[in-house]
Amino acid sequence: MTTPRVRFAPSPTGYLHVGGARTALFNWLFARHSGGTHILRIEDTDRERSTAEHTKVILDGLSWLGISWDEGPYFQGEYASRHRADAERLLAAGKAYRCFCTREELDAQRSQADASGMGFRYDRRCYRLAAVEVAARVSAGTPSTIRFLLDDEEIAWNDAVHGRISFQGRDLDDFVILRSDHTAIYNLAVVSDDIDMGITHVIRGDDHISNTPKQIALYRALGYNPPVFAHVPMILGSDGKKLSKRHGATAVGDYQEQGIFPAAMRNFLALMGWSPGGDREIMTEPELVRLFTLEGIQKKAAVFDTTKLEWMNGQYLSALPASELLQPVRRQLARMGIGGSRDLAPLIDSVKARSRTILHVAEQVAVRLDPSRSSLDAKGEALVRKMGAAFSGNLSLAGAALEGLQAGEWNAGRLLETLRALAESNRLKLGDVMQPIRVALTGSTVSEPVNELLEVVGRDNSLNRISETARRLGGGASAA
């Protein structure tokens, strides 16, 4: 068997979106699983919209995800002369013809087809021109395109995902393959490049299914067998509609900025339309490579679940030591305007188990470093209302008890002993002592154990926050 050769071929007209990243990942996994070659080809033939900046964003996004390539990046625009030669070869063989119809004439034909309720299909008027007429117009410099002559026959293939797919040639149009400026249309350019690069498998989104019969016809007309096609399902938003900006971030770079780990994003995207079987979810890169097959790709559209992505990211995050999180957390804190040289490792360790992203870690660390970052959330407000005067009263009692501890005693074990003794001596539930402290320090009723929270926030900061919160929310009278 021929060693597989696959390609990821993005257009540098925008960012690397999650659908494109998933396509790149599937190609890369297939190549690595099969011992094949993964090629990167930048399809930059849209000269008005393609930019070097977009190309860089795509390359950076792939590198961040850990998706490498064995050949390239090649740039499609560099092969314009080969595309043109293939079009002229088809023209010379009678498998294509010149079309002199202007845009206005074609628009008129479309309008007439719409008015009659018929779908537009080019009427081949230029195909019927006599050879001498065609030669005369070319000699006179009349602008023309080259149209591919589609036979009236079935075009079918066995898709690696969807099974047998069939189109009838009579239902397709004689499509343009070369513009009047001698540049190739997508369908010809991609076939010409795939032939030249020896592509054996084309793995791409199923929005390309309608292009496939045209491309198969071109392969055959140029004298080549088509590759294996595998059209992967679309990625939808939670509302079942095509993923777009209204569903939140769609660019890979946005998730990088939010603190998603490349390994988590790779794992998550792999499960967008592919299943390894069983209930596997968290998988290492070697496991993904070993398990990935085209047969595992599903026909049904995948749903992009941000909550699931953040959960998965949290699994990766919680497994990492604080030392590996220090730099990305510092970068996020710097963006938030928080600097300093304090050792962040204890703070990171205290919050990472309840975090989903690096940004979430940084936000919680910021709350523990800077009291101005703390504000009551809905749960904190609910506790204050529920406890009434007891909230500030118990908080003041706790502050007085904790103030008796010296800096050398400010550790999780001693703090827990002190708070338990306070609750017992005042006949209070331990939670009615702990929860007000938690809210005073973080604004929320959810955090690490309160004694550990007090330790990482530090003695002076903790006592100041407890005192200020008790004062702000009603004074220091005990509700015991």
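All residue numbers in this chain count up from 1 along the given sequence. Just so you know, these numbers come straight off a predicted model, no measurement behind them.
Side chain of Thr442 to backbone of Val439: no donor-acceptor contact under 3.5 angstrom is found. Between the side chain of Asn27 and the main chain of Ile203, a donor-acceptor pair closer than 3.5 Å is present. Looking only at distances, a side-chain donor or acceptor of Asn394 sits under 3.5 Å from a matching main-chain atom of Asp432. Looking only at distances, no side-chain donor or acceptor of His17 sits under 3.5 Å from a matching main-chain atom of Thr250. With hydrogens and angles disregarded, no donor-acceptor distance shorter than 3.5 Å links the side chain of Asn426 to the backbone of Leu428. Of the possible polar contacts, none joining the His231 side chain to the Asp207 backbone as a donor-acceptor pair under 3.5 Å is found. A donor-acceptor pair under 3.5 Å links the side-chain atoms of His33 to the main chain of Arg290, judged by distance alone. Side-chain atoms of Ser63 do not come within 3.5 Å of backbone N or O of Asp60 as any donor-acceptor pair. Counting only distance, with no hydrogens or angles, the side chain of Glu409 and the backbone of Gln406 share a donor-acceptor pair below 3.5 Å. One N or O on the side chain of Asp239 and one on the backbone of Lys241 form a donor-acceptor pair closer than 3.5 Å.
With respect to the salt-bridge test (charged N to carboxylate O, under 4.0 angstrom), the residues Glu468 and Arg471 qualify. Comment: Glu257 engages Arg335 in a salt bridge, judged by a side-chain N to carboxylate O separation of less than 4.0 angstrom. Look at Arg368 and Glu448 and you find a salt bridge, because one of the NZ, NE, NH1 or NH2 atoms lies within 4.0 Å of a carboxylate O, short of that distance. A salt bridge links Glu417 to Arg414: one of the charged nitrogens lies within less than 4.0 Å of a carboxylate oxygen.
Defined by atom type and a distance below 3.5 Å, a donor-acceptor pair is present between the side-chain atoms of Gln215 and Asn187. In summary, the side chains of Thr284 and Arg266 do not present any donor paired with an acceptor at a separation below 3.5 Å, with no hydrogens or angles considered. Donor-acceptor pairing under 3.5 Å is recorded for the side chains of Ser355 and Gln364. Side-chain polar atoms of Tyr316 and Asn267 form a donor-acceptor pair below 3.5 angstrom. Side-chain contact annotation: Ser34 with His201, donor-acceptor N/O pair under 3.5 Å absent. Judged purely by distance below 3.5 Å, without hydrogens or angles, the side chains of Ser447 and Arg438 pair a donor atom with an acceptor atom. Under the 3.5 Å distance criterion, with hydrogens and angles disregarded, a donor-acceptor pair is assigned to the side chains of Ser68 and Arg32.
Nearest approach of Pro233 to Ala302, heavy atoms of both residues: CB-N, 4.4 Å. Scanning both residues, Ala423 and Val433, for their nearest heavy atoms gives CB-CG2, 4.1 Å. The shortest heavy-atom contact between Ile358 and Leu317 is N-CD1, 3.9 Å. Across Thr3 and Gly36, no two heavy atoms sit closer than the pair CG2-CA, 3.8 Å. Counting all heavy atoms, side chain and backbone alike, Phe30 lies closest to Pro4 at CE2-CB, 3.7 Å. In terms of heavy atoms, Pro10 sits closest to Leu40 at CD-CD1, 3.9 Å.
In Arg354, the CZ atom is crowded: over 12 heavy atoms of neighbouring residues, nucleotides or ligands sit closer than 6.0 Å.
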ask   = Going through the checks in order, is the side chain to side chain contact (heavy atoms under 4.5 Å, CB included) test met by Phe26 and Val6?
value = CA-CA 10 Å; Phe26 280 12; Val6 296; over 6 Å; no
query = What do the steps show when you test Arg5 against Thr200 for side-chain hydrogen bond (donor to acceptor under 3.5 Å, both in side chains), and what is the final call?
reply = CA-CA 5 Å; Arg5 289 175 60 83; Thr200 62; over 6 Å; no
ask   = Is there a side-chain hydrogen bond (donor to acceptor under 3.5 Å, both in side chains) between Asn313 and Tyr255 once you walk through the steps?
value = CA-CA 11 Å; Asn313 197 67; Tyr255 292 101; over 6 Å; no
query = Does the pair Gln327 and Arg330 meet the rule for a side-chain hydrogen bond (donor to acceptor under 3.5 Å, both in side chains), with working shown?
reply = CA-CA 5 Å; Gln327 290 308 312; Arg330 285 195 186 280; 5.5 Å; no
task = Please step through side chain to side chain contact (heavy atoms under 4.5 Å, CB included) for the pair Leu294 and Ile297, ending with a clear verdict.
result = CA-CA 5 Å; Leu294 297 182; Ile297 299 176; 3.9 Å; yes
request  = Under the side chain to side chain contact (heavy atoms under 4.5 Å, CB included) rule, what do Val202 and Ile199 come out as? Steps first, then yes or no, please.
outcome  = CA-CA 7 Å; Val202 173; Ile199 301 302; 4.0 Å; yes
inquiry  = Let's go through Met272 and Leu309 carefully: what are the C-alpha distance in whole Å and the side-chain angles of both, what is the deciding distance for side chain to side chain contact (heavy atoms under 4.5 Å, CB included) to 0.1 Å, and is it a yes or a no?
reply    = CA-CA 11 Å; Met272 292 284 96; Leu309 170 60; over 6 Å; no
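Judged by a 6.0 Å distance limit and a 45° cone about the ring axis, Arg41 is not positioned over the six-membered ring of Tyr74.
Phe268 has its ring centre less than 6.0 Å from the ring centre of Phe304. The aromatic ring centroids of His54 and Tyr15 lie 6.0 Å or more from each other. You'll find the ring centres of Phe292 and Trp274 inside the 6.0 Å limit.
Rounded to the nearest 0.5 Å, atoms CD (Glu424) and NZ (Lys429) are 15.5 Å apart.
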